[in-house]
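Structure, as structure tokens:
Chain identifiers are assigned alphabetically (A, B, ...) following the order of the sequence lines, protein sequences preceding nucleic acid strands; residue numbering begins at 1 within each chain.
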Protein chains: 2
Amino acid sequence: MKYGLYFKKIYNSMLLINQLSKRTNIPIHTIRYYERYGLFEGRKETSVKSNNYSWYDENVVEKLELIKEAKEVGFSLSEIKELIDAWHGNRLTVDQKKAVLSNKIKEIEDKIQHLKEVKKLLQQGIEDVEALLC
Amino acid sequence: MKYGLYFKKIYNSMLLINQLSKRTNIPIHTIRYYERYGLFEGRKETSVKSNNYSWYDENVVEKLELIKEAKEVGFSLSEIKELIDAWHGNRLTVDQKKAVLSNKIKEIEDKIQHLKEVKKLLQQGIEDVEALLC
DNA sequence: TTGAAGTATAAACCATACTTCATACTTTAT
DNA sequence: ATAAAGTATGAAGTATGGTTTATACTTCAA
């Protein structure tokens, strides 16, 4: 039995970057960019293998989904990093973590308000167009 | 009576770029950038004055407010331009304009959904942190 | 066993959305 | 009358978030 297969048996929930990319629909290079940015880490199993490949777990998949959603609605990578650090890091106290998360929830509520306002503007736009006002 | 004052009396609702900047809280340079990008136009009253200054009306103020809100929630300038063109341009038929605006409204609804999902994730995050799960 | 596909790393390049700099003209305040 | 402030224009520079290119090693399938 090859190392590869043995490894896969134990780490059968772990993904190589290619699978991770397909699973999340994020290009490999972008995933690497995010990793270098410090948004998550893959694990290199040097004790078992010598190939230097990185393996990613479900946790990383979840983080990537969060990143996608958050970017979609206008959060920057540094904001997202702050969020992930609060959630999974060890640098902050429990209260500080909760504060970071609560603040971001507040910002999200603001953004929802903004979106509703833009939506209202566009609905007004449709009415204008219908009334041939422009 | 100077030209300037005379002009202001007639165009008392028109703004110079400085006033426009203060009114909208958008830097002068950014406003010029947006104008060059084609998001709106100031008017040069060469018949009355020779100074080449641009004057901006309420319409421009409204557009800038729309731009601010839309950017805040992750729309790009080119998307915003498309929107403004649909609304105020002459290139499209009424039905085409309505289609552009409706599509964008649909996207906004999607974004609101995304935001609600991210919010849910963060609320879960708070619970995790409280339960000392990370 | 060998060629195709996958992985790692670094560096250069790119698009978007500004920001800064430089130059020159106009208006306004004193 | 003149200095300070405002305006116009063009070009270069910057930050963010990637993408592309190049090189080299590893694994896998036939």
* Under 3.5 Å, is there a donor-acceptor pair between the A:E35 and A:Y56 side chains? -> yes
* To do: State, without any angle test, whether A:H114 and B:E72 hold a side-chain donor-acceptor pair at a distance under 3.5 Å.
  => no
* Asked: Would you say a side-chain N or O of B:N52 is under 4.0 Å from OP1 or OP2 of C:dA24?
  -> no
* Starting at atom OH of B:Y53, determine the distance to atom P of D:dT9, rounded to an integer number of angstrom. => 11 Å
* Whole angstrom is fine here: how far is it from CG in B:N18 over to P in D:dA8? => 10 Å
* For the pair made of CD1 in A:I80 and C1' in D:dG18, what is the distance, rounded to whole Å? -> 13 Å
* **Under-4.0 Å salt bridge between B:E41 and B:K63** => no
* Examine D:dA8: is either OP1 or OP2 under 4.0 Å from a nitrogen or oxygen in the side chain of B:S54? Give yes or no. => yes
* Where the side chain of B:K44 is concerned, which of D:dA8, C:dA8, D:dT7 is the nearest nucleotide? -> D:dA8
* With distance as the sole test, does A:E79 use its side chain to make a donor-acceptor pair with the main-chain N or O of A:S76 at under 3.5 Å? -> yes
* Salt-bridge test for B:E45 and B:R43: reply yes if a basic N is under 4.0 Å from a carboxylate O, no otherwise. => yes
* To do: Round to the nearest Å and state the distance from B:L15 atom CG to D:dT7 atom C1'.
  => 15 Å
* Figure out the CG/C1' separation between B:L20 and D:dA8, and round it to whole Å. => 15 Å
* Asked: Any side-chain heavy atom of B:I17 within less than 4.5 Å of one from B:S54?
  -> no
* Structure fact -> Against the side chain of B:N51, the closest entry in C:dT9, D:dA8, C:dT27 is C:dT27
* Asked: Is NZ or CZ of B:K111 both nearer than 6.0 Å to the six-membered ring centre of B:F75 and within 45° of the ring axis?
  -> yes
* To do: May I ask you to list the residues of residues 25-39 of chain A, by number, that have any heavy atom positioned under 4.0 Å from an atom of DNA chain D?
  => A:H29, A:T30, A:Y33, A:Y34, A:Y37
* To do: For A:Q124 and A:D128, test the side chains for any donor-to-acceptor distance below 3.5 angstrom and give the result as yes or no.
  => yes
* **DNA chain D contacts made by residues 62-77 of chain A, counting heavy atoms under 4.0 Å** => A:K71, A:S76, A:L77
* Between C:dT27, D:dA8, D:dG6, which nucleotide gets closest to the side-chain atoms of B:I17? -> D:dA8
* **Whole angstrom value for the distance that separates P of C:dA5 from CG of A:L16** => 17 Å
* **Rounded distance (Å) that lies between atom C1' of D:dT7 and atom CD of B:Q19** => 12 Å
* Asked: Should A:K68 and B:E117 count as an ion pair when the cut-off is N to O under 4.0 Å?
  -> no
